[in-house]
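Worksheet for the structure shown next.
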Amino acid sequence: MQSEASFLPAPDSNLIQRARQGDSRSISWLFERYQPSIFRYLYYRVGERQVAEDLTSEVFVRMLRALPAYQLQVAPFQGWLFQIARNLSVDYFRQSGRNEALTENITAPDPLPEAALDHALTHAELRWALSKLSDEQREVIILRFVLEIPIAEVADSLGKSADAVKGLQRRGLLTLRNVMSEK
Amino acid sequence: MRDEKELDNLLEESLQAVENGQAAQNVAAGLPEDAVELASLVRLAAAVRGTAHPVLSAEAQGTAKKRISALAGQKTSQNGARPAFRWAWIFGTAGVSTVFLCFFVVLLVGGGLWWYGPLMAHSATVADVSGTVEIASAGNADWHSADVGELVQTGQRIRTGADGSVTLAFFEGSRATLGAATEMNLTAISGGWGDVLRVALSQQSGSARYNVVPLRSDGQFLVDTPSGSASVHGTVFSVTVDAQGQALFSVDRGKVEVANGSGHVAVTAGQATHSGPEQAPQPPAFRFASSDTLTTVNGSTWNVSGIPFSITGETSIAGKPEVGQAIFVKGRILKTGQWVADVISTESRAKAEFQLTGAVQAIEAGSWNIDGTNVFTDEATVIGEDINIGDPVVVVYTRDGNRRLALEIAKLDDVDDGPQTLCTGADPQPKAQSLAEKYGVPYDEIMGWFCQGFGFGEIDLAYGLSLETGVPVTDVFALRQQGLGWGEIKHRLSVTPTPTVTVTPDGTSTPTPDLSATPTLSGSETVTPTPTLLTGTPSGTQTTDCTGANPQPKAQSLADQYGVPYDEIMGWFCQGFGFGEIDMAYSLSIESGKTVSEIFDMKRSGLGWGEIKKLLDDEQEKDKGKGKHHKP
């Protein structure tokens with residue numbers, strides 16, 4: 001199956017060009033297309049719905065401001081948007097004085113399913129479990145399994161080799177499993 | 001014993017197998033003995049994928065869109081490239097539909113196709129097979145006959161013969177019905193326990209009708225053709241692709257965005273657009289369909305039972321129609337009134353059929369005008385309820401001499417072959433109930449505005465402004481419908497040329513402007529003060545003529561009230577902010593701890609004062625929440 005990243009056709013350069021010129025339809029098209037993924041990404045990174053909502057809005061504001069400088073040939077559009085989102089979340093942690101590990105602000109859901117491995121999780125459970133991972137592991141798990149982006153694109157996005165991402169993926173899942181079984 | 005790298009690779013291969021539609025349990029069970037530790041990771045990854053992930057709330061979407069809209073407007077204005085586009089209406093329906101999505105009732109598809117297993121979520125189920133229907137795997141020319149209940153998975157292809165048709169049912173209720181001689185690929189499909197359907201289909205040929213249930217806002221339903229793609233969230237539409245790859249997109253309900261590398265258009269109920277591989281989608285137009293005998297052919301003008309239409313170089317003609325032969329033609333009614341055929345086939349139908357769509361222009365006894373075309377009615381004509389001027393309708397008619405006699409006229413929104421959506425969703429809608437109580441108006445009145453496409457935040461703002469200014473709320477909404485931003489509306493309603501705003505503290509945190517002037521709405525009297533830039537020194541001691549009076553008493557009063565320099569107040573005023581707004585900004589600054597500049601920046605981003613206050617209140621609540629959390 002194609003992953004989500006390749007699932008949505010990349011917006012063509014004409015669309016981006018029109019968005020650059022302030023064409024509202026093109027901009028709305030970009031927003032409608034990418035806001036679900038961006039919001040999900042931010043929600044699991046920062047762990048708070050309200051903050052994620054605010055940051056999602058900010059991602060598209062910054063997208064609009066930065067579009068004139070964006071070069072399709074240099075970076076895939078979705079990857080570029082995620083980079084903006086990642087930077088914003090880092091800024092948020094820095095400004096709020098919060099640790100990216102999130103553990104201070106997220107309480108464990110009660111109860112966590114006993115056999116979580118065989119059931120769909122609630123997003124609160126997943127958010128809590130993700131908060132126990134290292135930043136790198138969390139990033140990979142979110143990109144791979146929440147946003148369903150293939151290994152190669154995750155590697156590109158994070159500036160790592162595919163092998164490194166596979167390693168983070170396995171270790172991240174191991175940590176996640178241990179966190180859940182300890183609960 | 002496998003090393004770590006081998007385990008990493010084996011895990012990735014297993015995950016790929018799950019992504020390709022295999023059940024996680026089966027993949028986990030099939031792992032070699034020396035890698036059995038990976039089994040739980042495969043199952044866990046599948047569980048994470050199946051999580052019902054959160055979606056951006058409708059309110060947050062609305063706020064984000066307003067911010068982006070305001071910024072886009074500024075950029076456009078600065079660029080001078082094209083007139084500022086009002087986004088409100090573009091986003092309006094999307095916003096409402098997003099709310100719909102939260103409440104829609106999922107259609108249970110026939111045959112008990114409803115379940116949440118991962119395989120189902122990554123495949124479509126074959127239903128209603130008729131005639132020749134075949135399936136092949138990706139990259140494989142080995143076609144086999146399709147059976148009812150068979151799963152079509154990502155990468156597989158399905159085609160129908162000249163006598164065939166089939167329905168593909170997706171796990172949450174959406175359907176794609178392929179007509180004769182149609183082929184498509186199931187390019188991608190994902191979903192899961194959370195009901196979020198994400199589908200991409202590639203239709204290479206033939207005709208298909210898509211009935212997409214309203215998706216959650218992170219759902220997606222894409223239909224690609226050689227001439228462009230259609231993207232929808234919940235609608236009924238059809239796509240016909242001819243041998244040259246040209247595509248005709250026809251919409252029966254909802255809205256479809258049709259795009260290719262050359263442009264994109266939004267097609268609404270009753271409309272159609274035509275596009276080619278090298279051609280941008282045509283402007284959407286209402287449409288017609290006729291099935292009867294080809295009576296005359298005169299150059300590019302053909303005639304079916306007395307109804308003329310034009311043939312163009314882009315008209316797709318299957319077979320060699322001859323005069324006297326039964327044909328089926330469908331096409332678009334251009335703004336010029338010209339009927340242009342897009343698709344003609346020689347298929348024979350059981351009976352003559354004529355249809356057209358359009359917006360109702362006039363309703364008279366015995367006669368309706370549908371977008372310039374007159375149709376006649378008689379006592380046998382079945383006319384749907386609640387059809388008003390401007391509504392898109394479909395007319396089924398017959399020939400009565402030279403007249404078109406309507407057999408049925410139905411509002412397109414009433415066409416019901418799919419799940420229903422209500423603009424109310426929950427009944428009662430809690431937010432609407434809250435606003436009704438807040439402003440002492442009937443619940444239905446609030447929902448009336450909501451169903452017209454206004455968000456609850458906007459409704460709150462409009463009623464608040466109405467209360468503040470005495471202007472009827474209908475007039476406030478009328479300004480919004482004219483395309484004014486909320487900031488402009490507030491200016492227009494609340495600021496007089498020589499502001500004489502007095503603040504009446506109401507004992508709460510929000511000062512309520514008590515306006516001494518009665519605002520009027522008629523036109524030229526935009527009462528926003530014209531900011532006259534400070535002449536001479538931009539800072540420091542200054543005299544200014546942006547007020548008329550010097551010193552300006554109200555500015556002096558605000559300076560005294562907030563303990564800031566008079567020039568600071570006048571600086572804001574000369575940037576176009578009214579004294580009421582300046583008062584509001586300073587008050588909010590004190591309450592929230594934000595700087596006055598930050599608050600004015602929020603205002604400049606296009607947010608209304610009600611929205612700003614709400615955002616700041618929410619932040620404070622959040623901060624309080626954090627404080628509680630950290631208490632020992």
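It should be emphasised that the depicted structure is a prediction, and the values quoted were computed from it without experimental measurement. In what follows, chains are A, B, ... by sequence order, proteins preceding strands, each numbered from 1.
Within 6.0 Å of atom CD in Glu136(A), 12 or fewer heavy atoms from other residues, nucleotides or ligands are found, so the atom counts as exposed in its surroundings. The local environment of CD in Glu59(B) is sparse, with at most 12 non-hydrogen atoms from other residues, nucleotides or ligands closer than 6.0 Å. Counting non-hydrogen atoms of other residues, nucleotides and ligands closer than 6.0 Å to CD of Glu6(B) gives a total above 12.
Panel note: side chain Arg49(A), backbone Val55(B); a donor-acceptor pair is recorded below 3.5 Å.
Applying the ring pair (Phe, Tyr, Trp, His ring centres under 6.0 Å) rule to Phe82(A) yields the partners Tyr41(A); only residues at least two apart in sequence or on another chain are considered.
Taking each heavy atom of Tyr44(A) and Pro54(B) in turn, the nearest pair found is OH-CD, 3.5 Å. Between Ser57(B) and Glu53(A) the shortest heavy-atom distance is OG-OE2, 3.0 Å.
Under the 4.5 Å side-chain criterion, counting only non-hydrogen atoms from C-beta, Met63(A) is not in contact with Ile68(B). Side-chain contact between Asp8(B) and Gln169(A): absent, with no pair of heavy atoms (C-beta onward) separated by less than 4.5 Å.
Residue with the most contacts toward chain B among Thr56(A), Val165(A), Ile151(A): Ile151(A) (heavy-atom pairs, distance under 4.5 Å). Taking chain B as the reference chain and counting heavy-atom pairs below 4.5 Å, the highest number among Val61(A), Leu176(A), Leu174(A), Asp163(A) is found for Val61(A).
Salt bridge Glu37(B)/Arg177(A): absent, no basic N to carboxylate O contact under 4.0 Å. Electrostatic pairing of Glu12(B) and Arg170(A) does not count as a salt bridge here, judged by no charged N lying under 4.0 Å from a carboxylate O.
For Leu38(B), the part lying under 4.5 angstrom from a heavy atom of chain A is the side chain only. There is no contact between Ala28(B) and chain A, counting heavy-atom distances below 4.5 Å. If you measure heavy-atom distances from Phe145(A) to chain B, the contacts under 4.5 Å come from both the backbone and the side chain.
Here Leu11(B) contributes atom CG and Leu173(A) contributes atom CG; the two are 6.0 Å apart, rounded to the nearest 0.5 Å. Here the CZ atom belonging to Arg49(B) is positioned 11.0 Å from the CG atom belonging to Leu147(A), to the nearest 0.5 angstrom. Residue His123(A) holds its NE2 atom at 10.0 Å from NE2 of His53(B), rounded to the nearest 0.5 Å. For the atom pair NZ (Lys166(A)) and CG (Leu10(B)), the distance works out to 10.5 Å, reported to the nearest 0.5 Å.
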